[in-house]
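Have a look at the structure below, then the notes.
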Amino acid sequence: MSEVRVRFAPSPTGSLHIGGARTALFNWLFARNNKGKFVLRIDDTDTARSTSDSIEQILSAFKWLGINWDEGPEVGGPYAPYYQSQRFDLYRKAAEQLLAEEKAYYCYCTPKELEERRKEAMAAKKAPRYDGRCRHLSPAERGKLEAAGRKPVIRLYIPDSGETVVHDYCRGDVSFANGLLDDFIIMKSNGDPTYNFATVVDDVEMKITHILRAEEHLSNTPRQIMVYQALAKPLPVFAHVSMILAPDRSKLSKRHGATSVEEFREQGYLPEALLNYLALLGWSPEDDSEILSLADMVRQFSLDRVGKTAAIYDLKKLTWLNGHYLNETAPDRVTNQVIPLLKERRLIPEEFPQNYYYYIMEVVGTVRTRVKTINEIVDASTYFFSDDFEYDQKGVNKHFCKLGVAKLLKQARYVLEKVDPFNMELTEFAYRELIEELGIKSGDLIHPTRLALSGRTMTPGLFDVMVTLGKEKSIGRLDRAIDFIENLKMNNE
RNA sequence: GGCCCCAUGGUCAAGUGGCCUAAGACACCGCCCUUUCACGGCGGUAACCCGGGUUCGAAUCCCGGUGGGGUCACCA
């Protein structure tokens, strides 16, 4: 059996969205599982809409995800170039061949004329199908049209009868009546190829053996098969996987919030979480595992276990997965991702000494167990980096307005001052001792202390917070809170 | 609208004629743990779209309906 070769061929007209990312992932997994090659090709035949910006975004999204390509941009390969815009000669040659073999022909109808006929057909409730009127133009007729300044397109002859059946790996045989297809355009009037043509020419040339793509392309497939047949080339295996739908069951679009890989990255998701989630959308491993590394997926991936029902994506599960990975990965890796965000919010300086790095890492360590994304780590840790915070209003009402709180905090402050070394065991011991001595409930002391140290009512374990902040800061913040409470009283009198 | 695909809980899904009075995960609810919030542990609510067949037997096969989605460009 020959080598498995698959490809992912995005058109660079925007960022890589999660549907595309999943299709690419499946291709990649399939290639790796079969020890084959994964080709990345940029389908930029639409020169008007393609941008180099999009190309960069797509490549960087793949790099971030950790999906590498064996052939394609930057890495090259035996079938280079991997940009369709640089392969136009190839398509022209193929088109000329089809012309010479009378499998294709010139058509001089203008877009405007076609549009009108299409509208008429729609109005008459008929399928808007090209009528083939230019099929048998004589050289004289052609000359006249060209003299009139008309630039022709090239169309492929499609039989009026019979049917084309797609042997789809996921969906079985799907047949389409040829009569419903029309002589579609393979070369535009400006000499550029159309998608259905360029794709097949390249897939043939690049020896692609399996075409794994989203279901939205299923109805394109008979056309592409026609091109394969016209070119007299063997068909690859087609496999159309289900689509990813937005929560409202409609096709993914910008209005559904984050849909691009880029956006998920910006929102603080980890690549392994996104990959894991995407893999589970439409595929399931043989065992019950939900947490899968790329290596696990490669080992277990099989086209036979790819489902055919469209999947609605659900952020909650992705987020849960992200929380899991956030706590599994090395602390320094998370820290390194948090740092730029902290800088962005001016919570830490641009430059800092090594021991401050360790401080950040410690903060990340205490905070990350209770959040789900990188960004949430930042939100949850602001008070570790800035003394300038307000007290949560509800917290103030609940914990600072009680009688004798100021006095209580003063006692706590005094007790803490004597704790040495200032670690978890001893700070907690000191607090417990004070609580017992005063005969109060632990919450009576712990809640106001938390508010004093963080301005918040919800934080990691209090002694964690205390120790991470350090003795000096903790005591300073208690003093500040005591002042605040005393002022509060005065204002009320 | 024509053509095509799909149909198990709110979501992802297992299930390929009897093992199903249907797994597992997320979410949700309750309890436990606990100084708060999480984490963790335990438990719970919740599904085979409808109607006909085929069969001794159907979530699984067939037909019809309904619903959802895709596609009908000189876009990819």
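Basis for what follows: all heavy atoms, side chains included, without hydrogens, waters or symmetry-related copies.
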From [atom1] of [X] over to [atom2] of [N], roughly how many Å is that when rounded to an integer?
| X | N | atom1 | atom2 | answer |
| --- | --- | --- | --- | --- |
| A/Leu321 | B/rA27 | CG | C1' | 14 Å |
| A/Leu114 | B/rC72 | CG | P | 16 Å |
| A/Tyr325 | B/rC39 | OH | P | 18 Å |
| A/Lys316 | B/rC28 | NZ | C1' | 8 Å |
| A/Tyr313 | B/rC12 | OH | P | 13 Å |
| A/Asp168 | B/rC4 | CG | P | 15 Å |

G-U wobble or Watson-Crick pairing nucleotide for [N] (cut-off 3.5 Å, both distances):
| N | result |
| --- | --- |
| B/rC20 | none |
| B/rC42 | B/rG30 |
| B/rC49 | B/rG65 |
| B/rC3 | B/rG70 |
| B/rA58 | none |
| B/rU36 | none |
| B/rG9 | none |

In whole angstrom, give me the gap between the [atom1] atoms of [N] and [M].
| N | M | atom1 | answer |
| --- | --- | --- | --- |
| B/rC72 | B/rC29 | P | 43 Å |
| B/rC62 | B/rU54 | P | 15 Å |
| B/rU8 | B/rA25 | C1' | 15 Å |
| B/rC39 | B/rC28 | P | 9 Å |
| B/rA58 | B/rC63 | C1' | 15 Å |
| B/rA47 | B/rC42 | P | 24 Å |
| B/rU45 | B/rC26 | C1' | 15 Å |
| B/rA76 | B/rU71 | P | 15 Å |

*Just one of A/Phe8, A/Phe301, A/Tyr169, A/Phe38 clears the ring-ring contact (aromatic ring centres under 6.0 Å, His included) bar with A/Phe26, so which one?*
A/Phe301
*asked:* Let's test your reading of the model: under 3.5 Å, does the base of B/rC74 pair with the side chain of A/Ser189 as donor and acceptor?
replied: yes
*hbond_proxy A/Arg370 side chain to B/rC37 base (donor-acceptor, 3.5 Å cutoff)*: yes
Name the nucleic acid region contacted by [X], choosing base, sugar-phosphate or nothing; use a 4.0 angstrom heavy-atom cut-off, strictly under.
| X | answer |
| --- | --- |
| A/His240 | nothing |
| A/Pro460 | base |
| A/Glu216 | sugar-phosphate |
| A/Thr459 | base |
| A/Asp288 | base |
| A/Asn327 | nothing |
| A/Arg171 | sugar-phosphate |
| A/Arg223 | nothing |
| A/Thr457 | base |
| A/Gly323 | nothing |
| A/Thr110 | base |

Using only heavy-atom distances, determine whether the side chains of [X] and [Y] contain a donor-acceptor pair under 3.5 Å.
| X | Y | result |
| --- | --- | --- |
| A/Thr459 | A/Arg450 | yes |
| A/Ser250 | A/Asp248 | yes |
| A/Glu163 | A/Asn178 | no |

*Check: A/Met424 and A/Glu428 side chains under 4.5 Å, non-hydrogen atoms*: no
*Ring centers of A/His210, A/Phe30 separated by less than 6.0 Å*: yes
*Scan A/Arg155, A/Arg223, A/Arg135 and name whichever one has a salt bridge (charged side-chain N to carboxylate O under 4.0 Å, His left out) with A/Asp183.*
A/Arg135
*asked:* Tell me which one of A/Arg118, A/Arg150, A/Arg133 satisfies salt bridge (charged side-chain N to carboxylate O under 4.0 Å, His left out) with A/Glu113.
replied: A/Arg150
Is [X] close enough to [N] that one of its side-chain N or O atoms is under 4.0 Å from OP1 or OP2 there?
| X | N | answer |
| --- | --- | --- |
| A/Arg118 | B/rA73 | yes |
| A/Lys317 | B/rC28 | no |
| A/Arg432 | B/rU35 | yes |
| A/Lys308 | B/rC6 | yes |
| A/Lys372 | B/rA38 | no |

*Report the residue (A/Lys251 or A/Gly443) whose heavy-atom-nearest nucleotide on RNA chain B is the more 5′ of the two.*
A/Gly443
*Of A/Asn196 and A/Tyr277, whose nearest nucleotide on RNA chain B comes first from the 5' end?*
A/Tyr277
Name the closest nucleotide to the [X] side chain, picking from [options].
| X | options | result |
| --- | --- | --- |
| A/Ala311 | B/rC12, B/rG24, B/rC6 | B/rC12 |
| A/Met243 | B/rG70, B/rA27, B/rU35 | B/rG70 |
| A/Met458 | B/rU36, B/rA76, B/rG15 | B/rU36 |
| A/Trp320 | B/rA27, B/rC74, B/rA76 | B/rA27 |
| A/Ser11 | B/rC5, B/rU35, B/rA76 | B/rA76 |
| A/Leu281 | B/rA76, B/rG24, B/rC12 | B/rC12 |
| A/Arg249 | B/rG68, B/rC26, B/rU35 | B/rG68 |
| A/Asp314 | B/rC6, B/rC26, B/rC4 | B/rC26 |
| A/Ser219 | B/rU71, B/rG69, B/rC6 | B/rU71 |
| A/Arg450 | B/rU36, B/rA76, B/rA14 | B/rU36 |

*Any donor-acceptor pair under 3.5 Å linking the side chain of A/Ser260 with the backbone of A/His17?*
no
*Is atom NZ of A/Lys188 surrounded by more than 12 heavy atoms (other residues, nucleotides or ligands) closer than 6.0 Å?*
yes
